[in-house]
Amino acid sequence: MSIRSLDFWTRRATELKPDGLAFIAGRFVQSASGKAYENRNPATNGLINLVAECGQVDVDGAVSVARAAFEAGVWSRRSPTERKRVLLRLADLIERDLETIALLESLDMGKPVQVAFSYELPDLVEYVRWFAESIDKIYDEIAPAPRGNLALIRREAVGVVAAVVPWNFPLDMAVWKCIPALAAGNSVILKPAEQSPLTALHLARLIAEAGVPDGVFNVLPGFGAAVGQPLGLHMDVDCLAFTGSTEVGKRFLSYSAQSNMKLAWLECGGKSPNIIFDDTDDLDAAAELAARVHYNQGEICSSPTRLIVQKGVHDAFLEKVIAHSRAYAPGNPLDPNTLMGSMVDAEHCGRVMSYIEKGRAEASLVLGGNRVTIGSSENFIEPTIFAGVTPGHIIAQEEIFGPVLSVLSFETEAEAVRMANDSIYGLMASVFTSNLSRAHRMSESLRAGTVAVNTVDLISPLVPFGGMRQSGNGRDNSLHAFEKYTQMKTTWIKF
Ligand code: NAP
Ligand code: MG
């Protein structure tokens, strides 16, 4: 992918006219109340646009058109091959608009535009293609029934899916939920995070252009309590696909219980351990990967935020991690050389800084620790590392969701396992070792949805992703993602 200059991105940013209206029944519309909220760029504090502030009335309207489209079969009863063709067209359209989408994402939530443009979004295009291509290659089952009987086992679309997503990878999280759900034939209502509605609305434009019929895909921007909660409680929503905090994830379980027992799939928080054994082959490569905790401003649920290092290499390894972390100096997100942009907003920045204050009180600060002003915005934070952390410390237990690494040390393998599993979360874990038996022992012992050996936080559409314990349930990515958006039906035929 080619590099675009700071001038190029800055000029393109002034030319953009982002969508701000809700998308219901194939049309861009104001919220029913007429209310709209100010959407700001956290890297400048400048106003980007006004965004429709949806509520209960919009939710009811969108659910009813989504249901009607599902029942009419305009999408749900199209053949898998036809749905594939439409979604392949969508992938081409995302690719066509890559520059615009990268820029919208960067302006909305502060991430470095060139990183989104060169890496994240091209991967996302492949993701859409992979799910499109999968849908007409999945076969159902026939059970071994007694003679004279045929028992068919099919998976059918659940109906109306509500996707509620966070702001850290706005379009990725939307696509992870909506594309498999659409591929399977469902109608979908997407609620983006209040901080990052722009690419969700652009996606709506492209989904319509690709040929998904009106009413099948709807986007309701707005606030969690006003849009997320009524979707969660709605009696005619069949499935919730949520990515966000554990606290809000728990609410979705209770929304389901209080309403119609809708499926509630949750991808929640993490505090992922990254364990470095003395026998690691390439400590420098491991340190470079450990420093990726600062990638995306540290706003990643599966980030390796607890670095657990064996005593023999602790000091030397820490030096290397500090050196690699310096590459993540905060900068203008539109500068193609920037690796760390702005935090998503001032409130979140304040929350991360309050964890850094707690860290200063309980451990030793060895890098960063400061809030930084760039241009007209104070929403930047230096890459920050604390050493001498112990498992009971707040910064070893709670998800910070910022560029903050907590470093612990251990002597024995058993101690490393105990420390790693001392968490309410279980999303991801990493182990660095050259000992194959140890690698297998560790991957069996670590309580996480994914264990990475000699790497960190690998994600691919081909491989399931999701958490154990309070990191959630269900899996995004791979054919297993379809399990969330389909239900099993058995048909007995006697002959
Ligand atoms: P969040 O506060 O939980 O918000 C997620 C979504 O839920 C947003 O759209 C939010 O709307 C909505 N929401 C908030 N309160 C709600 C309520 N009472 N009822 C219904 N919906 C509600 O999370 P966030 O701050 O956006 O994102 C950070 C969190 O996401 C972190 O904990 C991170 O670990 C997690 N995350 C997990 C994964 C994963 O795959 N496991 C991936 C990325 C992020 P508003 O916009 O109004 O807040
Ligand atoms: Mg924004």
Side-chain angles (χ1 to χ4, degrees), residues 37 39 42 51 53-56 59 108-109 111 120 162-177 189-198 200 219-234 237 240-256 258-259 262 264-272 293 295-305 343-345 347-352 355 398-402 423-428 448-450 457 459 464-477 481 484:
Y37 68 93
N39 181 25
V51 173
E53 191 179 327
C54 293
Q56 180 79 51
V59 167
D108 225 3
M109 53 67 72
K111 72 165 64 206
E120 293 171 5
V164 178
V165 298
W167 43 258
N168 60 337
F169 289 92
L171 188 63
D172 287 69
M173 293 301 106
V175 160
W176 281 25
K177 310 298 181 196
I189 299 165
L190 169 64
K191 187 209 112 46
E194 76 201 46
Q195 295 92 338
S196 58
L198 298 182
V219 181
L220 301 180
F223 298 98
V227 181
Q229 177 164 330
L231 282 170
L233 287 169
H234 206 289
V237 169
L240 293 166
F242 172 77
T243 291
S245 61
T246 292
E247 185 192 344
V248 175
K250 287 180 181 179
R251 288 182 185 236
F252 276 96
L253 287 178
S254 87
Y255 297 155
S256 167
Q258 288 167 56
S259 56
K262 56 180 69 67
W265 301 112
L266 311 172
E267 300 271 12
C268 299
K271 190 79 185 175
S272 300
V293 70
Y295 183 81
N296 207 51
Q297 302 71 248
E299 294 163 337
I300 304 188
C301 53
S302 49
S303 232
T305 50
M343 306 306 291
V344 70
D345 59 20
E347 187 187 334
H348 184 59
C349 201
R351 186 153 22 134
V352 173
Y355 275 113
E398 296 185 17
E399 183 178 48
I400 300 172
F401 224 58
S423 174
I424 62 165
Y425 298 111
L427 189 52
M428 180 79 77
T450 302
D457 200 10
I459 294 180
F465 175 89
M468 295 179 175
R469 304 203 269 185
Q470 292 187 44
S471 290
N473 60 14
R475 294 294 178 267
D476 282 328
N477 305 351
K484 303 204 292 194

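Source: prediction; values computed, not measured. Atoms within a ligand are numbered from 1 in the order they appear, just like the ligands themselves.
Close contacts between ligand 1 and Arg251 involve ligand atoms 18 (N) [criterion: under 4.0 Å to a heavy atom]. The Tyr255 neighbourhood of ligand 1 comprises atoms 17 (C), 18 (N), 19 (N), 20 (C), with distances under 4.0 Å to a heavy atom of that residue. Below 4.0 Å from some heavy atom of Phe252 lie the following atoms of ligand 1, by number and element: 20 (C), 21 (N). For ligand 1, the atoms closer than 4.0 angstrom to any heavy atom of Leu427 are 41 (N). Residue-ligand proximity, Val164 to ligand 1, at heavy-atom distances under 4.0 Å covers atoms 6 (C), 7 (O), 9 (O), 12 (C). Listed by atom number, the atoms of ligand 1 under 4.0 Å from Phe465 heavy atoms are 40 (O). For ligand 1, the atoms lying closer than 4.0 Å to a non-hydrogen atom of Cys301 are 33 (C), 34 (O), 36 (N), 37 (C), 38 (C), 39 (C), 40 (O), 41 (N), 42 (C), 43 (C), 44 (C). Near Val165, meaning under 4.0 Å from any of its heavy atoms, are these atoms of ligand 1: 6 (C), 8 (C), 9 (O).
Residue His348 does not touch ligand 1, judged by heavy-atom distances below 4.0 Å. By the criterion of a heavy-atom distance under 4.0 Å, the side chain of Glu399, and not its backbone, is placed next to ligand 1.
Looking at ligand 1, you won't find any N or O of Thr243 less than 3.5 Å from one of its N or O atoms. Of the N or O atoms in Trp167, one or more lie within a sub-3.5 Å distance of an N or O in ligand 1. Considering backbone and side-chain atoms alike, Gly228 places every N or O at 3.5 Å or more from each N or O of ligand 1. The shortest N/O to N/O separation between Lys191 and ligand 1 falls below 3.5 Å. Polar contact check, Asn168 against ligand 1: no nitrogen or oxygen pair lies under 3.5 Å apart. Considering backbone and side-chain atoms together, Cys268 places an N or O closer than 3.5 Å to an N or O of ligand 1.
In the candidate list Gly249, Ser303, Gly224, Gly224 is nearest to atom 14 (C) of ligand 1, counting heavy atoms. By heavy-atom distance, the residue among Ser245, Ser302, Gly472, Gly232 lying nearest atom 23 (O) of ligand 1 is Ser245.
For the pair Asn168 (side chain) and Glu299 (backbone), a donor-acceptor distance under 3.5 Å is present.
Of the candidates Ser272, Ser302, Ser303, Asp457 forms a side-chain hydrogen bond (donor to acceptor under 3.5 Å, both in side chains) with just one, namely Ser302.
When only modelled atom types and interatomic distance are considered, Glu398 and Tyr355 share a side-chain donor-acceptor pair under 3.5 Å.
Scanning for salt bridge (Lys or Arg N to Asp or Glu O under 4.0 Å) contacts around Lys111 gives Glu120, with sequence neighbours left out. With sequence neighbours excluded, no residue forms a salt bridge (Lys or Arg N to Asp or Glu O under 4.0 Å) with Lys271.
Here Trp176 and Phe169 keep their ring centres 6.0 angstrom or further from each other.
For the pair Pro166 and Ser196, the tightest heavy-atom approach, listed with the atom from each and the gap, is O-OG, 4.1 Å.
Put simply, atom 4 (O) of ligand 1 has no protein non-hydrogen atoms near it, under 4.0 Å away.
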